[in-house]
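A short write-up of the structure that comes next.
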There are 2 protein chains.
Amino acid sequence: MFDPACPSSAMPIRIGDKWTAMVVVCLEHGPRRFSEIRTPLRHVTPKVLTETLRALERDGMVTRTAYAEIPPRVEYELTPLGRSLLDLVDACRTWADKHLPALLEARSAAARNGGPDGG
Amino acid sequence: MFDPACPSSAMPIRIGDKWTAMVVVCLEHGPRRFSEIRTPLRHVTPKVLTETLRALERDGMVTRTAYAEIPPRVEYELTPLGRSLLDLVDACRTWADKHLPALLEARSAAARNGGPDGG
DNA sequence: CAGAATCCACATCGATACTG
DNA sequence: CAGTATCGATGTGGATTCTG
């Protein structure tokens with residue numbers, strides 16, 4: 001799911017913004033720091049990750065805890081509401097396991113027929 | 001779900017493009033004509049609906065059947081793969097019933113606090 | 001380390017007008 | 001009726017740069 005080469009870009013379903021689902025999964029097993037979220041999501045810029053986290057915070061999905069230390073440390077943690085998104089993530093995974101191959105096959109078949117240069 | 005005034009715009013989950021989920025629900029109970037899909041989705045332009053249907057067709061979600069009649073008649077119907085999206089639609093509905101009010105409350109609470117004019 | 005500010009590329013969505 | 005063609009508005013995602 002974290003691999004941009006995986007066919008998840010073909011997924012007909014999306015949770016929140018582009019990185020929301022991955023962030024939620026990252027937080028599944030407990031609080032994580034900003035950098036700890038960034039590491040597995042290697043292609044997300046800090047700006048976008050901040051936006052995603054702020055949106056989740058606004059919607060009561062995560063809590064943000066800043067510690068007054070040097071260097072700074074901030075932890076993000078899923079709320080119960082945020083954990084409820086894991087159910088949706090799971091529903092997506094289940095669907096993908098069962099149906100994504102068929103979608104991919106249909107798509108490439110369509111590309112071969114009515115695709116690039118017509119047919 | 002078809003009412004633009006409903007809070008579905010706040011839904012943290014989306015199936016396909018903007019109108020995909022609604023189109024799929026429209027086709028739930030059998031084949032429908034282009035116009036029959038447009039009617040309940042009153043704010044969709046023919047261009048966008050065509051794009052949505054073509055995408056669904058490419059992905060093996062719907063079949064398109066054109067009849068050589070005057071006036072023209074075209075019917076769209078869900079494939080088994082397309083019907084599988086209904087499971088996702090249902091998962092979304094279940095989630096919304098249980099958690100959307102909490103999301104909305106958290107969001108408006110955030111708007112009152114750190115909202116428009118900061119604070 | 002965690003994040004803010006700025007600018008920009010791109011895709012989606014939509015209004016309008018026209019066609020077989 | 002069922003589209004197609006063109007143009008414009010908009011929002012999201014990203015690169016880059018800078019700060020406490």
Side-chain angles (χ1 to χ4, degrees), chain A residues 1-4 8-24 26-27 31-59 62-77 107 114 118, chain B residues 2-4 8-23 26-27 31-59 62-77 114 118-119:
Chain A
M1 185 168 197
F2 296 91
D3 182 358
S8 68
S9 47
M11 275 293 283
I13 194 165
R14 233 178 85 177
I15 297 178
D17 288 334
K18 185 173 181 181
W19 304 94
T20 302
M22 291 182 250
V23 168
V24 169
C26 272
L27 297 177
R32 291 286 183 273
R33 304 178 57 168
F34 191 85
S35 297
E36 290 175 324
I37 303 175
R38 274 200 82 187
T39 301
L41 278 57
R42 274 189 296 205
H43 298 304
V44 69
T45 60
K47 175 203 162 196
V48 173
L49 181 55
T50 299
E51 286 171 354
T52 301
L53 288 167
R54 291 276 190 277
L56 285 169
E57 200 187 349
R58 264 208 326 275
D59 290 349
V62 307
T63 56
R64 178 181 182 276
T65 310
Y67 299 90
E69 304 173 356
I70 301 293
R73 183 164 58 99
V74 178
E75 283 192 346
Y76 295 90
E77 186 170 14
R107 185 175 289 194
Chain B
F2 294 90
D3 182 359
S8 67
S9 46
M11 275 292 283
I13 195 167
R14 234 178 84 178
I15 297 178
D17 288 333
K18 184 173 182 182
W19 303 94
T20 303
M22 289 183 250
V23 168
C26 273
L27 297 177
R32 291 287 182 272
R33 305 178 56 169
F34 192 85
S35 296
E36 289 175 325
I37 303 174
R38 273 199 83 187
T39 302
L41 278 57
R42 275 188 297 204
H43 298 304
V44 70
T45 60
K47 176 202 160 196
V48 173
L49 180 56
T50 299
E51 285 170 355
T52 301
L53 288 167
R54 290 277 191 276
L56 284 168
E57 200 187 351
R58 265 206 329 273
D59 289 350
V62 306
T63 57
R64 177 180 183 277
T65 310
Y67 299 90
E69 305 173 355
I70 301 292
R73 184 163 57 99
V74 179
E75 282 192 346
Y76 295 91
E77 184 170 16

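The chains referred to below are lettered A, B, ... by the order of the sequence lines, with proteins before strands, and numbering in each begins at 1. Every value quoted in this text rests on a predicted model; they were computed, and no experiment measured them.
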What nucleotide among D/dG3, C/dG3, D/dA2 has an atom nearest to a side-chain atom of B/Pro46?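 Selected nucleotide (nearest to the side chain): D/dG3.
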OP1 or OP2 of [N] sitting under 4.0 Å from any side-chain N/O of [X]?
X       : N     : value
B/Arg33 : D/dA2 : yes
A/Arg54 : C/dA4 : yes
B/Arg73 : D/dA2 : no
A/Arg64 : C/dG3 : yes

Distance, nearest 0.5 Å, that separates [atom1] of [X] from [atom2] of [Y]:
X       : Y       : atom1 : atom2 : answer
A/Leu49 : A/Ile37 : CG    : CD1   : 5.5 Å
A/Leu41 : A/Glu36 : CG    : CD    : 13.0 Å
A/Leu27 : A/Glu77 : CG    : CD    : 8.5 Å
A/Tyr76 : A/Arg64 : OH    : CZ    : 4.5 Å

So what does B/Tyr76 touch, heavy atoms closer than 4.0 Å: a base, only the sugar-phosphate, or nothing?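 The answer is sugar-phosphate, as B/Tyr76 gets under 4.0 Å only of primed atoms, P, OP1 or OP2.
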Would you kindly give the [atom1]-to-[atom2] distance between [X] and [N], to the nearest whole Å?
X       : N      : atom1 : atom2 : result
A/Ile70 : C/dC1  : CD1   : C1'   : 9 Å
B/Leu49 : D/dC1  : CG    : P     : 14 Å
B/Met22 : C/dC13 : CE    : C1'   : 12 Å
B/Leu53 : D/dG3  : CG    : P     : 8 Å
B/Glu75 : D/dC1  : CD    : P     : 15 Å
A/Tyr67 : C/dG3  : OH    : P     : 13 Å

Using the test salt bridge (Lys or Arg N to Asp or Glu O under 4.0 Å), find all partners of B/Arg73 that sit at least two apart in sequence or belong to another chain.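 For B/Arg73 the salt bridge (Lys or Arg N to Asp or Glu O under 4.0 Å) partners, ignoring immediate neighbours, are B/Glu69, B/Glu75.
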Enumerate, atom names and distances included, each donor-acceptor pair closer than 3.5 Å involving a side-chain atom of residues 16-23 of chain A, sequence neighbours excluded.
from    : atom 1 : to      : atom 2 : distance (Å)
A/Thr20 : OG1    : A/Asp17 : N      : 2.8
A/Thr20 : OG1    : A/Asp17 : O      : 3.4

For the helix from C/dC1-D/dG20 to C/dG20-D/dC1, measure the angle between the helix axis at one end and the axis at the other, each built from five pairs, rounding to 10°.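 Between the axes fitted at each end of the helix from C/dC1-D/dG20 to C/dG20-D/dC1 lies an angle of 40°.
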Report all interatomic pairs (protein N or O, nucleotide N or O of nucleotides 11-15 of chain D) with separations under 3.5 Å.
from   : atom 1 : to      : atom 2 : distance (Å)
D/dG13 : OP1    : A/Arg14 : NH2    : 3.0
D/dG13 : OP1    : A/Lys18 : N      : 2.8
D/dG14 : OP1    : A/Lys18 : NZ     : 2.9
D/dG14 : OP2    : A/Trp19 : NE1    : 2.7
D/dG14 : N7     : A/Lys47 : NZ     : 3.0
D/dG14 : O6     : A/Lys47 : NZ     : 2.1

Distance-only donor-acceptor pairs under 3.5 Å for side chains of residues 51-59 of chain A, two or more places apart:
from    : atom 1 : to       : atom 2 : distance (Å)
A/Thr52 : OG1    : A/Val48  : O      : 2.9
A/Asp59 : OD1    : B/Arg107 : NE     : 2.8
A/Asp59 : OD1    : B/Arg107 : NH2    : 3.2
A/Asp59 : OD2    : B/Arg107 : NH2    : 2.9

Could you pull out all residues at least two apart from B/Pro72 that satisfy side chain to side chain contact (heavy atoms under 4.5 Å, CB included)?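 With sequence neighbours excluded, B/Pro72 shows a side chain to side chain contact (heavy atoms under 4.5 Å, CB included) to no residue whatsoever.
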